[in-house]
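Down below is the structure, laid out as structure tokens.
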2 protein chains.
Amino acid sequence: MRHRLKDVAERAGVSVKTVSNVVNGYLHVRPDTRARVEQAIAELNYRPNLSARNLRKGRTGVIALALPELDIPYFAELARHVVTAAAEHGWTVLIDQTGGGPEQERKAASGIGDHMIDGLIFSPLALTADDLAGLDGMPMVLLGERVDHGRADHVMIDNVAAARQITAHLAGLGRRRIAAIGSQRTPEGASARLRLAGYAAALAEADISYDERLVAPAPAWHRADGAAAMRHLLSGGVRPDAVFCFNDTLALGALRALHEAGLRVPEDVAVAGFDDIEDGRFSIPTLSTVAPDKERIARLAVDLLAGRLDGDRDAPPRELVAPHQLALRESAPDLI
Amino acid sequence: MRHRLKDVAERAGVSVKTVSNVVNGYLHVRPDTRARVEQAIAELNYRPNLSARNLRKGRTGVIALALPELDIPYFAELARHVVTAAAEHGWTVLIDQTGGGPEQERKAASGIGDHMIDGLIFSPLALTADDLAGLDGMPMVLLGERVDHGRADHVMIDNVAAARQITAHLAGLGRRRIAAIGSQRTPEGASARLRLAGYAAALAEADISYDERLVAPAPAWHRADGAAAMRHLLSGGVRPDAVFCFNDTLALGALRALHEAGLRVPEDVAVAGFDDIEDGRFSIPTLSTVAPDKERIARLAVDLLAGRLDGDRDAPPRELVAPHQLALRESAPDLI
DNA sequence: AACGTTGTATCTAACGTTGTAAAGAACCGG
DNA sequence: CCGGTTCTTTACAACGTTAGATACAACGTT
């Protein structure tokens with residue numbers, strides 16, 4: 001039941017190329033011819049075979065978005081914005097879930113439906129600079145922390161500044177034993193390091209000494225890790241009076257652990273997160289957090305990719321910084 | 001920098017077809033020839049052009065998953081399972097976000113990268129039976145409530161039974177003024193209707209009369225809608241002592257509204273949801289809910305689609321029911 | 001009336017891959 | 001060492017589309 005240009009051409013009594021011209025909006029087609037062709041197209045419910053078109057044109061109209069995990073709210077929200085922004089360019093987005101492992105990420109970066117995608121927006125976790133080297137020029141925009149200095153276009157937010165601001169906010173509430181949850185020593189933990197640096201900087205500015213015992217690592221940044229890390233902190237020698245969690249899901253887990261320990265938030269312990277996911281606006285208490293402009297991030301990434309595709313593929317890579325704000329809610333309000 | 005079979009063939013000193021044979025694992029290739037070809041492939045970093053392959057083979061290796069919204073946790077979790085299940089069949093999943101509107105859904109169902117996908121797994125909200133009619137046989141599996149009796153393969157859970165069970169649980173706790181949040185009158189509200197029917201059935205079984213005033217509609221099923229509906233119920237004449245929310249995000253919103261009203265959960269009002277999303281395991285309090293077997297749903301859908309693609313495309317449509325359980329947590333525990 | 005100019009439609013050759021058929025090489029038993 | 005298998009490789013023709021060249025009208029100009 002699938003028809004080809006040829007079928008339409010026969011039905012309309014014209015050549016294949018004429019039908020192609022109509023489909024592609026070529027100007028010099030006589031109105032009555034055009035009408036006849038369009039009617040034939042409608043009657044046969046013709047749709048172009050994109051594989052064939054792509055083969056011919058070298059463009060697919062599909063870009064890929066490679067993310068560590070789809071069911072991490074931050075990535076899901078980001079994905080929505082990317083899909084929306086891409087639609088404005090007439091692109092379909094193929095979403096690829098890498099799982100964050102190095103092997104899968106390498107495969108995603110180089111392999112996703114080879115020649116099936118025009119470009120890639122990629123939020124790597126485990127990928128290193130070396131991995132990026134062998135990608136024979138697939139147009140690519142990286143999200144998040146820089147993996148490699150200037151090998152590809154890049155969209156990020158100022159993690160250090162954001163972490164510093166939210167930590168400073170906690171200090172501004174008079175808290176002195178400010179813990180951090182989410183540190184990572186792995187090379188993948190680029191975000192973790194930047195946010196830790198911002199945390200440390202804010203402590204220094206507030207004349208609070210950095211205390212190892214208040215910095216809790218988290219293997220992944222899920223709710224369960226946040227809860228576990230919080231329990232660990234509570235069982236340690238120094239009872240924190242505030243916690244900066246390196247993302248919101250960690251913070252939600254921490255809230256849970258604090259609740260189970262019978263501590264009040266923010267009275268006993270103030271809590272802050274990072275990402276501004278939807279959950280944090282309805283959690284009990286609602287979550288103070290860093291709010292990156294996700295829509296902006298998505299749009300910048302898509303536009304950057306568009307520029308690469310339309311223009312000079314060998315132009316020097318660009319790095320864009322998207323804005324962020326503090327969203328102050330109940331878990332660490334403006335005034336207590 | 002992109003190479004073709006021809007380039008590999010020249011470098012290895014063989015014909016194009018021999019390279020193709022090696023790439024496709026054809027048996028009768030002499031070991032040394034194979035080795036030579038493989039080396040050439042490695043040296044040139046050759047990757048097949050999938051558009052060309054698809055054009056030739058008529059198969060793309062890509063299936064689409066069309067969902068209303070990616071940042072609804074239930075769909076995000078489902079998407080992850082579908083991607084995993086599809087990977088076992090060697091498929092890539094193109095995730096399409098329809099937004100749930102009729103126009104976009106129609107487009108998604110008929111249009112996504114035409115000829116770019118082998119089949120479609122589709123979770124429709126607004127689509128009607130008529131819309132499904134004009135899809136010239138794109139292999140498709142529907143998720144969720146049946147749109148049309150037997151026009152396409154279908155995977156669902158027993159919504160009526162599940163809603164009845166969780167409502168019965170609330171009644172079993174001794175609650176008598178059990179409210180429902182999430183009713184919808186639109187044709188899209190198929191799930192809403194089934195869950196409402198289950199709710200009503202459970203009330204009848206428990207000899208509780210159905211009270212209009214305890215049934216709150218929700219235009220969408222987001223957290224904000226749940227909170228608004230809960231506030232509305234609390235301001236009404238009848239103060240509920242339990243609430244069954246038609247999904248978990250509604251329930252999380254309801255928890256928030258109850259908290260703001262100073263009511264304790266579950267002591268004053270027990271709360272139950274539907275979907276068993278990750279959030280509900282860490283919310284305060286944790287959420288009692290219906291837990292559909294999402295992994296099973298995804299696997300059944302993918303397998304059903306695989307059957308369609310490999311086998312008889314005109315076989316009568318099948319409807320499969322995936323299991324569900326009750327996950328009883330703090331918001332409506334087993335015993336109070 | 002012959003001319004270029006423009007508008008309209010067609011013809012041919014790709015794009016990179018794989019299925020088919022067939023050719024050539026190597027091997028077997030007699 | 002012949003005839004027949006089996007193994008190995010190749011040539012050719014598609015798959016459905018579009019770019020480019022080309023043919024043919026129709027037009028206004030000289």
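Atoms considered below: every heavy atom in the structure, side chains included; atoms not considered: hydrogens, waters and symmetry mates. From a predicted model like this one, the values you see are computed outputs, not experimental measurements.
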key: Terminal contacting nucleotides, 5' and 3', DNA chain D versus chain A (heavy atom, 4.0 Å)   = D:dG16 to D:dG20
inquiry  = Test side-chain contact (heavy atoms from CB on, under 4.5 Å) on B:R299 and B:E88; report intermediate values, then the result.
reply    = CA-CA 10 Å; B:R299 187 168 306 278; B:E88 289 169 19; 2.9 Å; yes
Pairs touching residues 17-36 of chain A that satisfy ring-ring contact (aromatic ring centres under 6.0 Å, His included), sequence neighbours left out = A:Y26-A:H28
remark   = Counting primed atoms, P, OP1 and OP2 as sugar-phosphate and everything else as base, the B/S/- map of nucleotides 16-23 of chain C against protein heavy atoms under 4.0 Å is BBBBB---
A:H81/A:I297 under side-chain contact (heavy atoms from CB on, under 4.5 Å): CA gap, chis, key distance, verdict = CA-CA 9 Å; A:H81 291 298; A:I297 292 173; over 6 Å; no
ask   = Less than 4.5 Å apart, any side-chain heavy atom of B:H154 and any of B:V141?
value = no
Check: A:W91 and A:L309 side chains under 4.5 Å, non-hydrogen atoms = yes
task = Mind calculating the distance between OH (A:Y26) and C1' (C:dT8) to the nearest angstrom?
result = 8 Å
key: Nearest heavy-atom neighbours spanning A:A9 and A:V19   = CA-CG2, 3.6 Å
query = Where along residues 28-42 of chain B does a heavy atom come under 4.0 Å from DNA chain D, residue by residue in number order?
reply = B:H28, B:V29, B:R30, B:T33
message = Taking the side chain as everything from C-beta on, heavy atoms only, tell me whether B:R308 gets closer than 4.5 Å to B:L304.
response = no
task = Please check if atom CZ in B:R296 has more than 12 non-hydrogen atoms from other residues, nucleotides or ligands closer than 6.0 Å.
result = no
Helix axis bend for the helix from C:dA1-D:dT30 to C:dG30-D:dC1 - C1'-based end axes, five pairs, 10° rounding = 40°
key: Exercise: identify the closest heavy-atom pair between A:P323 and A:I157   = O-CG2, 4.4 Å
request  = Identify the heavy atoms of B:L305 and B:M140 that sit nearest to each other, and give their distance.
outcome  = CD1-N, 4.1 Å
key: A:R318, CZ: over 12 other non-hydrogen atoms inside 6.0 angstrom   = no
query = Do any pairs count as a salt bridge (charged side-chain N to carboxylate O under 4.0 Å, His left out) and have a residue in residues 48-63 of chain B, sequence neighbours left out, and if so which ones?
reply = B:R59-B:D310
